[in-house]
**Q** 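Have a look at this one.
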Amino acid sequence: MTSTTQATPTGAVDRFFKISERGSSVSQEIRGGLVTFFAMAYIIVLNPLIIGGFSADQAATDVEGGWLPNGQVAAVTALVGGLMTLAMGLIANVPFGLAAGLGINSFLAFGLVGELTWPEAMGLVALNGLIIVLLAATGLRRMIFDAVPSALKSAIAVGIGLFIAFIGFVDSGFVRSTGIAAPPVQLGDGGSITSLPTATFVIGVVLMGILMALRVKGALLIGIVATTVIAIVLESIFRVGPSLGQDPDAWNLNAPALPTSIVALPDLSLVGQVSFGSFERIGMLATTMFIFTLLFLNFFDAMGTMTGLARQAGIATPDGQFPGLKRALVVEGVGAIAGGGASASSNTVFVDSAAGIGEGARTGLASVVTGVLFLAAMFLTPLTQIVPLEVAAATLVVVGAMMMSQIADIDFTDFRVALPAFLTIVVMPLTYNIANGIGVGFIAWVIINAVSGRAKTISPLLWIVAALFVVFFVRGPLQALIG
């Protein structure tokens, strides 16, 4: 991790972003912003595949048969991600990139639009964001943040490290489902690596690991570029092609190749396609339950991600606070409003920002670089498809290894700390959800510490949040109960 020794500011940009104060440099921030963009750029391809489609028969259709065109979703995904990441850098001065959250967009596609239209679903996303902004502006969101014990904040960071590493292993095909009850997962295909894309992922992990071990400046960026070049060469020779959801041995999202065109004009027709008719369509109770679910997915996922990223960047205090926290919480809430208003889905802080932080990003200048690249990606969509998901996956695994160092801050000799921390860490990757890990950890902390005689040490807010998480975890039966 980069030293935080302060240096004398050298210019207006340095002073505005406090670059020298945080032990960084302009070149280091630019590299970090580039790496974060390359680690996140897959969302421009993936988000349209989840909530959009190329035709009605293979898209997530809503209750009235409506669907979101792939190209339009890609354009608004880049637009909102760019604007909100710029806002995070300029307003909160932290190296956090924002884009359409994967958990929420999946919930929209597979949970909401079966009962609502897409504009109505996006209306709920915007309302969820408005609530988050109000909670952040009034200070309640930060109070909840402060109520979390330091050990759990460290566990959240470690859990996120394991989670993003697991994402990398799965996205690359290194870890796959067996399709049976036991064992549920396996190495590659039948216990061995059989595909060229997965082999490329392994090459990327090894290359980036060597560069990191040698303390090469720009290790992750160099690794991404070098591994992408290798992928392009291999694809030009063996012609593996994209999987298109059918061939498990092909490239996961896009086959690496030099684009035939560079510039494409964005179609922003989805901006403003939002409706608040869900209350009339499905009723107040059902709508409230949907907003409650969105709120929990957004609220605690982002809180946990910010905690982990700030600790990795070395800008967090021992209790998990960091400069610009309140502003960052407000911007993240606005990201949900903007995402809903543009039909891009709720925008939230991306855990993939850890890649840029691992490269040395410590300030909002890195976010400005990432945001500008997202906006440029609206016009340069073909270029965003050069880097295959397997290369981004290798970066996530390396960064996940870096985030594991924070496990040293957890006292595992005290079982009142050990079990909640352990559950927080393992539930995130095993359920593929940051909020689930946070919720299980909160509940376990409250129960174990209350029963073991330390009830007075538990913040009243933590009691409330833990109780709300219990409701969150049983929301399925509750929804069935209220019809």
Side-chain angles (χ1 to χ4, degrees), residues 22 32 36 39-40 81 84-85 87-104 129 132-133 135-137 139-161 163-164 295-336 339 346-358 361-364 366-367 370-371 399-400 402-403 406 409 424 428 433-439 441-442 461 465:
R22 296 187 185 177
T36 293
M40 292 177 59
M84 297 317 306
T85 301
M88 186 63 80
L90 294 172
I91 297 173
N93 193 25
V94 287
F96 303 164
L98 281 79
L102 289 176
I104 292 180
I132 290 175
V133 169
L135 291 174
L140 181 58
R141 193 175 186 186
R142 181 164 182 169
M143 289 171 63
I144 296 173
F145 188 93
D146 293 342
V148 181
S150 179
L152 280 186
K153 289 177 180 176
S154 295
I156 289 169
V158 175
I160 289 173
F163 178 48
I164 65 174
L295 184 64
F296 261 70
L297 289 171
N298 223 144
F299 189 108
F300 291 100
D301 196 323
M303 189 189 79
T305 302
M306 288 187 192
T307 299
L309 294 177
R311 284 176 174 267
Q312 188 198 357
I315 61 175
T317 58
D319 63 355
Q321 300 284 342
F322 60 87
L325 171 59
K326 183 175 181 178
R327 295 191 297 275
L329 294 173
V330 171
V331 170
E332 195 273 335
V334 174
S346 177
N347 272 230
T348 187
V349 175
F350 250 52
V351 70
D352 307 69
S353 305
I357 293 172
R362 297 292 178 269
T363 76
S367 294
T370 303
V399 173
M402 295 165 62
M403 296 184 71
Q406 297 180 54
D409 298 329
T424 299
M428 285 187 194
N433 187 287
I434 293 173
N436 286 346
I438 294 174
F442 282 10
L461 273 177
V465 172

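All figures in this text were calculated on a predicted structure; none of them were measured in a lab. One-based numbering along the sequence shown.
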**Q** If you look at every heavy atom in Ala157 and Gln406, which pair is closest and at what distance?
**A** CB-OE1, 3.3 Å

**Q** Nearest 0.5 Å please: distance from the OG1 atom of Thr348 over to the CG atom of Asn298.
**A** 5.0 Å

**Q** Could you pull out the closest heavy-atom pair between Pro323 and Val94, with the gap in Å?
**A** O-CG1, 3.7 Å

**Q** Which atom pair, heavy atoms only, marks the closest approach of Ala361 to Gly32?
**A** CB-CA, 4.0 Å

**Q** Do Asp352 and Ile164 pass the side chain to side chain contact (heavy atoms under 4.5 Å, CB included) test, and can you show the C-alpha distance, the side-chain angles, and the key distance before you say yes or no?
**A** CA-CA 8 Å; Asp352 307 69; Ile164 65 174; 5.9 Å; no

**Q** Look up atom CE in Met84 and atom CD in Glu332, then write down how far apart they are to the nearest 0.5 Å.
**A** 8.5 Å

**Q** What distance separates Gln312 CD from Met403 CE, expressed to the nearest 0.5 Å?
**A** 5.0 Å

**Q** Identify the heavy atoms of Pro95 and Ser353 that sit nearest to each other, and give their distance.
**A** O-CB, 3.8 Å

**Q** Ile132 versus Leu295: any side-chain heavy-atom pair under 4.5 Å?
**A** yes

**Q** Could you measure the distance from the CG atom of Leu329 to the CE atom of Met306? Nearest 0.5 Å is fine.
**A** 5.0 Å

**Q** State which residues pass side-chain contact (heavy atoms from CB on, under 4.5 Å) with Ala155; sequence neighbours excluded, sorted by chain then number.
**A** Ile410, Ala421, Thr424, Ile425

**Q** After noting the C-alpha distance and the side-chain angles of Met428 and Ile438, does the key distance pass the side chain to side chain contact (heavy atoms under 4.5 Å, CB included) rule?
**A** CA-CA 8 Å; Met428 285 187 194; Ile438 294 174; 3.9 Å; yes

**Q** Would you indicate whether the side-chain heavy atoms of Met402 and Ile357 approach each other to under 4.5 Å?
**A** no

**Q** Side chain of Thr363, backbone of Asn93: donor and acceptor closer than 3.5 Å?
**A** no

**Q** Checking Thr85 side chain against Ser367 main chain: does a donor-acceptor pair fall under 3.5 Å?
**A** no

**Q** Quick one, Met40 with Leu98, criterion side chain to side chain contact (heavy atoms under 4.5 Å, CB included). Give me CA distance, side-chain angles, the key distance, then yes/no.
**A** CA-CA 9 Å; Met40 292 177 59; Leu98 281 79; 5.8 Å; no

**Q** Taking only residues two or more places apart in sequence, or in another chain, which ones meet Thr305 in a side-chain contact (heavy atoms from CB on, under 4.5 Å)?
**A** Ile160, Asp301, Leu309, Val349, Val351, Ile434

**Q** From Phe442 CZ over to Leu461 CG, what is the distance, rounded to the nearest 0.5 angstrom?
**A** 10.5 Å

**Q** Run the numbers on Ile156 and Arg311 for side chain to side chain contact (heavy atoms under 4.5 Å, CB included), then give the verdict.
**A** CA-CA 10 Å; Ile156 289 169; Arg311 284 176 174 267; over 6 Å; no

**Q** Counting only N and O atoms by type, is there a donor-acceptor contact under 3.5 Å from the side chain of Arg22 to the main-chain atoms of Arg362?
**A** yes

**Q** Quick check: closest heavy atoms across Val133 and Val330, and the distance to 0.1 Å?
**A** CG2-O, 3.9 Å

**Q** I need the minimum non-hydrogen distance between Val399 and Ala355, along with the two atoms involved.
**A** CG2-CA, 3.5 Å

**Q** With rounding to the nearest 0.5 Å, note down the distance linking OG1 in Thr307 to CZ in Phe322.
**A** 7.0 Å

